[in-house]
Amino acid sequence: MRLRSLPFVVVALTALSGPAQAIDYRLRDISANGVFQVPTAINDAGQVTGFSPRDELSEDGYYYSATTGLLRLDAPATPGMPALATRGIDINAGGQVVGRWLQDRQVRAFTWTVDGGMRNIGPPPFEPIGIDSAGRVLGGFGLRQLTIHDPVSGMQPVTLPMLWFDAEGLRDDGVIVGTRLDETLWTPSRAGLLDDGVWTALPVPAGGGRSQAAGFNQDGTVVGLFNRWDDGADTTIGSAFAVHDGQAIDIGAGLDGLTLYSVAKRVNTQDVVIGRAYRGPELGEYDFIFDLATRSFVDLATALDPVAAAGWSDLRFADINDLGQIVGTGLYGGEQRAFLLSPVAPVPEPATALMLLLGSVAVAGAARRLR
């Protein structure tokens, strides 16, 4: 009987302790002293791709991992690939990068791996958008010529049931996430899903109109922004939103009252959202982290490790992986650099630690009585 009661003692004491402390983030400079400036994507292995502007007309694409450090995508140069300007756009679970490069003022697409270097895919001007886990690359020859490059079967045109479509990416199940555009104004009309030529519009929060997709995860969640009507100002406001489990969530409504505009940019499979908001010309912009599970925001002012974050300002998030790691761009000493934010295991509140200690004492005492 006492043996059966021991787990209850521990559970009861732990339950009295309250919630654990919020997750903190450690900031790491991955810019190689400012060489790497603009990360664009990160996978679950912590591998990152992106680029750095070389001058007004060209840029250098990069790959970063804790194992290899920083590598240029065009070095060593691959035979037959005289890349004048490269940019890493997306990276899949296997570490395969998709990017673009310019030659004779035409955009060309390539894939890249650490072992194999650059490999040209498709004729110009094929503009890559994203890559899935199987290495299929979504891209286009304009808004009306969406195409998937399959590593085995080559270029496969996508059937579009509308005139104009702005794609954001390709899920592993073959569904394309994007935005249907107004056929006369070329402006966002409605965020939705394109599955084998069938278009499905996503819902928007109550009082909303047009919407635009910006990011998605493999579980079906899509984030972006929608136009919310403001009766007081007699106008519409761009507000961050998410479609999660079929429900439209107005993320922007939870931001402070000074925010004029917001957009949710990326979401991982843990349903953690990163986005950006604007407070006006005087107060400027800021990035935010929002947890769809708890419907709560992360206050970076208290979540960042103060030692590692010292000297950094104007943090802008680019992507988040399923481990909660975030890559982005910030200013350090007035210089633009790339950073990696990694969540740190939470430290229990003092009350939590005390209750866990009391639980251990209770277990030990009960065990002695049992003997």
Side-chain angles (χ1 to χ4, degrees), residues 14-15 17-25 44 168 171 177 190-193 201-232 236-279 283 285-304 315-326 328 341-349 351-352:
T14 305
S17 65
Q21 184 182 9
I23 293 177
D24 292 332
Y25 288 85
D44 292 345
E168 285 300 324
R171 291 194 327 213
V177 179
R190 181 62 69 87
L193 308 175
L202 293 172
V204 295
R210 294 174 177 267
S211 62
Q212 184 173 358
F216 60 93
N217 66 22
Q218 297 296 334
D219 294 337
T221 300
V222 177
V223 298
L225 66 92
F226 78 105
N227 289 341
R228 173 163 28 93
W229 184 256
D230 183 357
D231 293 328
T236 58
I237 300 173
S239 182
F241 89 112
V243 178
H244 177 58
D245 289 338
Q247 179 183 3
I249 302 169
D250 187 351
I251 297 175
L255 296 168
D256 64 65
L258 300 175
T259 299
L260 303 178
Y261 169 91
S262 62
V263 56
K265 299 190 295 185
R266 296 289 188 270
V267 59
N268 64 11
T269 55
Q270 305 302 315
D271 293 318
V272 177
V273 179
I274 57 173
R276 189 155 186 84
Y278 176 67
R279 289 191 177 119
L283 297 177
E285 298 176 300
Y286 65 96
D287 276 35
F288 62 82
I289 303 173
F290 181 78
D291 190 332
L292 288 172
T294 61
R295 305 291 175 90
S296 61
F297 290 87
V298 173
D299 183 4
L300 278 181
T302 59
L304 282 179
L315 302 185
R316 298 177 179 234
F317 303 148
D319 197 14
I320 182 171
N321 66 14
D322 290 343
L323 301 179
Q325 293 178 302
I326 299 171
L341 287 184
S342 297
V344 187
V347 178
E349 297 283 0
T352 303

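For reference, positions follow the sequence shown, starting with 1.
Within the 4.5 Å cutoff, the side chain of Leu258 has heavy atoms near those of the Leu283 side chain. Looking only at side-chain heavy atoms (C-beta outward), Phe317 and Arg266 stay at 4.5 Å or farther from each other. Contact annotation: the side chain of Pro205 approaches that of Phe226 to within less than 4.5 Å [non-hydrogen atoms, C-beta and beyond]. The closest side-chain heavy-atom distance from Ile274 to Ile326 is below 4.5 Å. With contacts defined as side-chain heavy-atom distances shorter than 4.5 Å, the pair Tyr25/Ile289 qualifies. Between Leu260 and Ile237, the closest side-chain pair of non-hydrogen atoms is not below 4.5 Å. Side chains of Lys265 and Asp287 form a contact here, defined as non-hydrogen atoms less than 4.5 Å apart.
Judged purely by atom type and a 3.5 angstrom limit, Asp299 uses its side chain to pair as donor or acceptor with the backbone of Ala301. Between the side chain of Asp24 and the main chain of Val344, no donor-acceptor pair closer than 3.5 Å is present. Put simply, the side chain of Arg190 gets close to the backbone of Leu202: a donor and an acceptor are under 3.5 Å apart.
Between Asp256 and Arg279 a salt bridge is recorded (basic side-chain N to carboxylate O distance below 4.0 Å).
Summarising the geometry of Asn217 relative to Asp219, their closest heavy-atom pair is OD1-N, 2.9 Å, with the distance given to 0.1 Å. In this structure, Ser262 and Leu255 approach most closely via the heavy-atom pair CB-CD1, 3.5 Å. Closest of all the heavy-atom pairs between Gly252 and Ser239 is CA-OG, 3.3 Å. Contact record, Ala240 with Asp250: O-OD1, 3.6 Å, taken as the closest heavy-atom pair. In terms of heavy-atom proximity, Ala214 sits nearest to Ala264 at CB-O, 3.3 Å. Taking every heavy atom of both residues into account, Val177 and Leu193 meet most closely at CG2-CD2, 3.8 Å.
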Show your reasoning for whether side-chain contact (heavy atoms from CB on, under 4.5 Å) applies to Val243 and Ile249. CA-CA 6 Å; Val243 178; Ile249 302 169; over 6 Å; no
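Atoms OG1 and CZ, from Thr221 and Phe216 in turn, are 11.5 Å apart once rounded to the nearest 0.5 Å. Of the inter-residue distances, the one linking Phe288 atom CZ with Leu300 atom CG reads 11.5 Å to the nearest 0.5 angstrom. Ile320 CD1 to Asn268 CG: the interatomic distance, rounded to the nearest 0.5 Å, is 4.5 Å. With rounding to the nearest 0.5 Å, the separation of CZ in Arg210 from CG in Leu225 is 12.0 Å. Rounded to the nearest 0.5 Å, atoms CG (Asp44) and CG (Leu323) are 5.0 Å apart.
No hydrogens or angles considered: a donor-acceptor pair under 3.5 Å links the side chains of Gln325 and Ser342. Judged purely by distance below 3.5 Å, without hydrogens or angles, the side chains of Ser296 and Asp291 never pair a donor atom with an acceptor atom. In summary, the side chains of Asn227 and Ser211 do not present any donor paired with an acceptor at a separation below 3.5 Å, with no hydrogens or angles considered.
Cation-pi geometry between Arg276 and Tyr286 is not satisfied (NZ or CZ under 6.0 Å from the ring centre, within 45° of the ring normal).
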